[in-house]
Amino acid sequence: MTPRIEDHALIGDLETAALVGGNGSIDWLCLPRFDSGACFAALLGDEENGHWRIAPKGAHLCSGRRYVGDSLVLETWWETRTGTVKVIDFMPHRAQAPEVVRIVEGVSGSVDMSAVIRLRFDFGSVVPWVRRSGGHRVAVAGPDSAWLRSEPPVKTWGQQFSTCSSFTVTEGEQVAFVLTWHPSHTPRPAPVDPFGALARTLADWAKWSARCTYEGPYREAVIRSLITLKALTYAPTGGIVAAPATAPPEETGGARGPDRRFCRLPGSTRTLRALLATGYREEATAWRDWLLRAVAGNPADLQLVYGLAGERRLPGTEPPLPHGRRGSWPVTTGPGVGRRRLDVYGEVIDSLRLAREAGMGDERHSWKLQLSLLGFLESSWREPDEAAARTRGERRHFVHSKVMTWVAADRAVRTLEEDPSLPGDADRWRAMRDAVHREVCEKGYDPVRNTFTRSYGSRELDPSALLMARSGFLPADDPRFVGTVDAVRAELTRGGPVRRCAVPSGPVRRHGAEGVPAEGAPGVEGTFLGCSFQLVDALLSTGRPAEATELFERLLALRNDVGLLAEEYDPVTGRPLGDFPQALGHVALVGTAVALAGADPAG
């Protein structure tokens with residue numbers, strides 16, 4: 001049986017990433033980049049869609065696993081009746097080609113091992129032709145070529161379009177497997193020394209982790225989240241993908257499964273702030289530079305999602321899997337770029353303002369771009385737009401979009417007040433800022449319930465309103481903000497994590513049953529962990545540090561055994577849902593830990 005999503009750990013080389021199950025199986029890997037077709041896609045289907053398992057014969061889940069120190073090197077071990085064995089999985093930081101290294105090491109006694117690799121290119125739809133060549137197994141299909149070797153060589157044979165191995169390890173013995181990908185029309189890269197690669201990879205991660213300046217509470221969780229965020233960074237461009245895989249559906253039996261192997265603008269400010277607050281200025285600068293390149297152009301064309309290098313035209317297909325994961329279908333690889341959301345304009349301008357405050361340079365170039373975005377907002381902010389990418393329905397006047405419009409104008413005013421030599425009309429943006437504020441407080445606030453709502457005239461709540469104090473739209477002690485925090489807790493939580501929308505009171509559509517929940521999307525999402533960390537921040541800002549700390553620790557308990565967070569959590573089943581691991585959740589964890597520590601040097 002394919003492991004649950006929370007049974008997986010992450011390894012990667014800063015250009016792509018793999019998910020390794022607790023049963024010793026790599027169930028997801030795209031080569032050569034995050035956004036390439038998957039050669040192991042069992043995560044979304046079953047083993048026939050491609051996987052690579054190394055484990056003791058007859059064993060199922062491992063006895064335990066951990067990351068080695070502050071690294072992305074995974075160590076998994078099994079205790080069997082004949083002995084103990086461990087498997088060390090990692091991807092070396094890339095030199096010539098992407099490589100996955102798996103080192104089997106005998107710890108005690110003698111253990112019979114089994115390995116099965118099913119390479120299936122293009123999300124499981126292409127079975128490659130496999131041949132032997134100089135001690136390697138070579139798999140070729142169209143543009144893809146993968147070479148598998150072991151050191152020392154072990155018994156290997158083909159079976160049912162898979163490559164199988166059988167061997168025994170005793171105490172102190174090591175057997176290494178190396179999988180190397182390269183374009184099929186190019187020469188094979190020189191073989192890597194797996195044991196030397198392990199030493200270098202551990203040293204690289206130790207050096208990187210030592211740069212962390214955060215010394216407050218929950219440091220272990222912060223470091224692991226930062227490592228995860230680094231693993232989701234596409235090193236050549238500085239872009240950060242939202243998640244390493246096309247997401248399993250957000251509800252069992254449902255059809256929600258958008259592709260998050262791309263870079264999203266929502267959350268860009270929080271990402272920048274988390275990196276700056278923990279000492280990773282180089283990564284923050286790379287992310288800011290990616291952002292500037294991605295959004296350059298006609299401001300009317302601003303997207304929610306861009307490619308690894310800022311590409312605007314992104315794929316949107318359904319992988320040719322025979323069936324979905326655990327009865328959930330279809331799973332899509334569409335990133336959902338064709339939606340109009342005004343909040344992303346404020347997000348970009350807020351990010352660039354934060355970068356300017358941090359002294360990152362390029363102020364003149366960046367400022368011209370911000371003026372262009374502001375000009376578009378000035379002519380468009382009174383129009384309705386669309387909400388979060390996973391909801392459907394007609395355009396509305398969403399409160400969060402208006403608040404982020406206020407943020408855009410406010411940051412422009414503050415920048416011009418600090419540097420009058422910059423071009424721009426501070427009075428113009430000040431008038432726009434005041435007009436937006438008045439309208440939101442008049443039309444987006446429910447005085448009877450003392451809370452801001454999702455959209456003008458709506459009774460629905462939106463946890464994005466928890467950001468109002470952090471953004472400066474309202475003081476944290478404003479009764480309207482305090483009331484909104486209390487309303488979100490009362491209506492969108494059950495004393496713990498936060499939902500993005502209220503659970504419908506009527507029947508819910510599952511596999512064609514009657515009923516449609518809030519916002520018109522079939523099925524019910526779990527609680528959203530990114531919003532849940534926002535509630536922690538809001539509780540802290542409204543003078544409730546004990547309650548904030550209690551909720552934060554409850555959220556930390558939702559990480560899996562190696563410290564990874566999913567996008568969502570189902571409080572009914574006690575299971576994670578959606579993207580795994582999710583960049584925004586780990587960004588939020590870092591930011592909230594820094595806030596709880598009372599040390600946010602990024603401002």
Side-chain angles (χ1 to χ4, degrees), residues 9-13 16-21 23-26 29 31 39-40 51-57 59 62 65-69 71-78 80 83-119 130 132-139 145-157 162-182 188-205:
L10 179 74
I11 61 173
D13 66 355
T16 190
L19 293 175
V20 187
N23 63 349
S25 175
I26 297 180
L29 176 62
L31 292 173
C39 62
F40 299 138
H51 79 124
W52 183 11
R53 184 168 191 246
I54 300 178
K57 290 182 179 179
C62 65
R65 60 182 179 169
R66 67 183 181 96
Y67 284 111
V68 181
S71 78
L72 208 64
V73 176
L74 179 69
E75 186 177 271
T76 306
W77 65 91
W78 285 263
T80 74
T84 300
V85 66
K86 67 180 178 182
V87 177
I88 302 170
D89 292 319
F90 66 99
M91 296 183 70
H93 293 178
R94 195 173 301 187
Q96 300 181 65
E99 294 173 303
V100 180
V101 180
R102 313 194 72 182
I103 298 176
V104 183
E105 181 177 326
V107 177
S108 65
S110 175
V111 182
D112 294 330
M113 301 293 294
S114 174
V116 178
I117 181 169
R118 289 183 174 91
L119 277 164
V130 181
R132 290 184 183 271
S133 176
H136 293 72
R137 286 276 181 164
V138 186
S145 177
W147 295 66
L148 175 69
R149 81 176 200 278
S150 64
E151 188 177 316
V154 299
K155 180 182 178 182
T156 303
W157 67 94
S162 303
T163 297
C164 303
S165 302
S166 178
F167 57 100
T168 300
V169 290
T170 59
E171 182 176 345
E173 285 188 323
Q174 291 181 315
V175 177
F177 293 83
V178 181
L179 179 69
T180 304
W181 180 96
H182 69 100
R188 175 175 65 90
V192 66
D193 169 18
F195 305 106
L198 173 60
R200 289 191 300 274
T201 302
L202 287 171
D204 288 343
W205 279 110

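Note: hydrogens, waters and symmetry copies are ignored here, and every other heavy atom, side chains too, is used. Because the structure is predicted, anything quoted here is derived from the model rather than measured.
- Rounding to the nearest 0.5 angstrom, the gap separating the OH atom in Tyr67 from the CH2 atom in Trp205 is 9.5 Å.
- For Ser162 against Val116, the heavy-atom pair with the smallest separation is CB-CG1, 4.1 Å.
- To the nearest 0.5 Å, the span separating CZ on Phe167 from CE on Met113 amounts to 5.0 Å.
- Taken to the nearest 0.5 Å, the OG atom of Ser110 stands 8.0 Å off from the CD atom of Glu173.
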Leu29/Trp52 under side-chain contact (heavy atoms from CB on, under 4.5 Å): CA gap, chis, key distance, verdict: CA-CA 10 Å; Leu29 176 62; Trp52 183 11; over 6 Å; no
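- Between Trp147 and His136, the ring planes are perpendicular. Angles over 60° get that label, and only those under 30° would be called parallel.
- A salt bridge is defined here as a Lys NZ or Arg NE, NH1 or NH2 lying under 4.0 Å from an Asp or Glu carboxylate O, and Asp112 with Lys57 fails to meet this definition.
- The minimum heavy-atom distance between Ile11 and Leu72, with the atom names listed, is CG2-O, 3.6 Å.
- Closest of all the heavy-atom pairs between Pro194 and Phe90 is O-CZ, 3.7 Å.
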Step-by-step side-chain contact (heavy atoms from CB on, under 4.5 Å) determination, Leu179 to Trp181: CA-CA 7 Å; Leu179 179 69; Trp181 180 96; over 6 Å; no
If you apply the rule side-chain contact (heavy atoms from CB on, under 4.5 Å), what do you find for Asp89 with Val100, and how did you get there? CA-CA 7 Å; Asp89 292 319; Val100 180; 5.8 Å; no
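- Across Pro152 and Gln174, no two heavy atoms sit closer than the pair CD-O, 3.5 Å.
- Listed here is the closest heavy atom pair of Arg53 and Asn23: NE-O, 2.6 Å.
- No donor-acceptor pair under 3.5 Å is formed between the side chain of Arg137 and the backbone N or O of Val130.
- Contact detail for His51 and Phe40: the closest heavy-atom pair is N-CD2, 3.4 Å.
- For the atom pair OG1 (Thr180) and CD (Glu99), the distance works out to 3.5 Å, reported to the nearest 0.5 Å.
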Before you tell me yes or no, could you show the steps for Ser108 and Glu171 under side-chain hydrogen bond (donor to acceptor under 3.5 Å, both in side chains), namely the whole-Å CA-CA distance, both residues' side-chain angles and the distance that decides it to 0.1 Å? CA-CA 4 Å; Ser108 65; Glu171 182 176 345; 5.9 Å; no
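- With hydrogens and angles ignored, the 3.5 Å screen pairs a side-chain donor or acceptor of Thr201 with a backbone N or O of Ala197.
- Here the straight-line distance linking atom CG of Leu10 with atom CG of Leu19 works out to 6.0 Å at 0.5 Å rounding.
- Atom CD1 of Ile103 and atom CD1 of Ile54 lie 10.5 Å apart (nearest 0.5 Å).
- Here the side chain of Arg149 pairs no donor or acceptor atom with the backbone of Pro191 at under 3.5 angstrom.
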